[in-house]
Amino acid sequence: MQSALAEDPFTGTVFVFRAKRADRMKILFWDGSGLVMAYKRLEDSTFTWPAIRDGAMTLNRAQFEALFAGLDWRRVRSLEARRPAVAE
C-alpha cells in the first residue's frame, strides 16, 4: 500500500481489493496489534462498487458496512452528527 497507493497501512484505514468478477473482496487493515485480512465472496450476486478515482475509493463507515453485507451502498446515508441543544 505504501508503494502502490502512497498510503500508510498502519493508520487504521481499511483497504479493500476486489476481484474482476466483483463477487469477491479482500480486506486488509491494521488493528493496532497486527494486520488483519478478511475475504468475502457473494454466492448469488455481485458487490456494487463505488467509482475508483486515482486508484482508490472512499466510503464512510455505513456505506462500507452496506458494501460488505452485499447491499447497495449508494442507498445508505450516515446520520449527521450534531451537538445536542442546550436547555436554557
Side-chain angles (χ1 to χ4, degrees):
M1 272 120 7
Q2 285 177 330
S3 61
L5 299 175
E7 294 285 340
D8 183 359
F10 304 109
T11 61
T13 300
V14 176
F15 296 92
V16 180
F17 303 92
R18 64 166 271 184
K20 288 181 184 179
R21 291 186 289 180
D23 64 342
R24 292 167 281 163
M25 73 167 72
K26 289 182 185 174
I27 301 168
L28 186 65
F29 68 95
W30 175 256
D31 74 350
S33 64
L35 285 172
V36 177
M37 187 172 80
Y39 176 84
K40 183 162 186 176
R41 183 179 129 209
L42 294 179
E43 293 294 327
D44 297 323
S45 62
T46 59
F47 293 102
T48 302
W49 291 94
I52 298 173
R53 293 184 182 90
D54 298 325
M57 62 183 185
T58 303
L59 297 173
N60 64 35
R61 182 180 178 136
Q63 291 169 331
F64 171 76
E65 289 175 1
L67 173 70
F68 189 74
L71 303 173
D72 187 347
W73 63 271
R74 296 171 294 187
R75 297 176 181 245
V76 175
R77 301 278 185 258
S78 293
L79 295 176
E80 190 173 315
R82 298 181 300 177
R83 296 184 65 86
V86 177
E88 293 183 31

Spacing of D72 atom CG and S45 atom OG [to the nearest 0.5 Å]: 11.0 Å
- request: Determine whether T48 and R74 make a side-chain contact, defined as any pair of heavy atoms from C-beta on separated by less than 4.5 Å.
  value: yes
- request: State the CE-NZ distance between M25 and K40, to the nearest 0.5 angstrom.
  value: 7.0 Å
- request: Would you name the heavy atoms of R18 and K20 that are closest together and state the gap between them?
  value: NH2-O, 3.1 Å
- request: Kindly work out whether a path of hydrophobic side-chain contacts (I/L/V/M/F/W/Y, heavy atoms less than 4.5 Å apart) joins L71 to F64.
  value: no
task: Keeping the roles fixed (side chain from R24, backbone from K26), state whether a donor-acceptor pair exists under 3.5 Å.
output: no
L67 side chain reached by F47 side chain, heavy atoms, under 4.5 Å: yes
message: Is it the case that the side chain of W30 and the backbone of V36 share a donor-acceptor pair, with hydrogens and angles ignored and the cut-off at 3.5 Å?
response: no
message: I'd like to know if the side chain of Q63 reaches the main chain of N60, judged simply by a donor and an acceptor atom lying under 3.5 Å from each other, with no hydrogens or angles considered.
response: yes
- prompt: V16 versus V14: any side-chain heavy-atom pair under 4.5 Å?
  reply: yes
- prompt: Measuring from Y39:OH to I27:CD1, what's the distance to the nearest 0.5 Å?
  reply: 11.5 Å
query: Measuring from R41:CZ to D23:CG, what's the distance to the nearest 0.5 Å?
result: 6.5 Å
field: Nearest-0.5 Å distance, CG of residue L59 to CH2 of residue W49
entry: 9.0 Å
field: Exercise: identify the closest heavy-atom pair between T46 and L42
entry: C-CD1, 3.7 Å
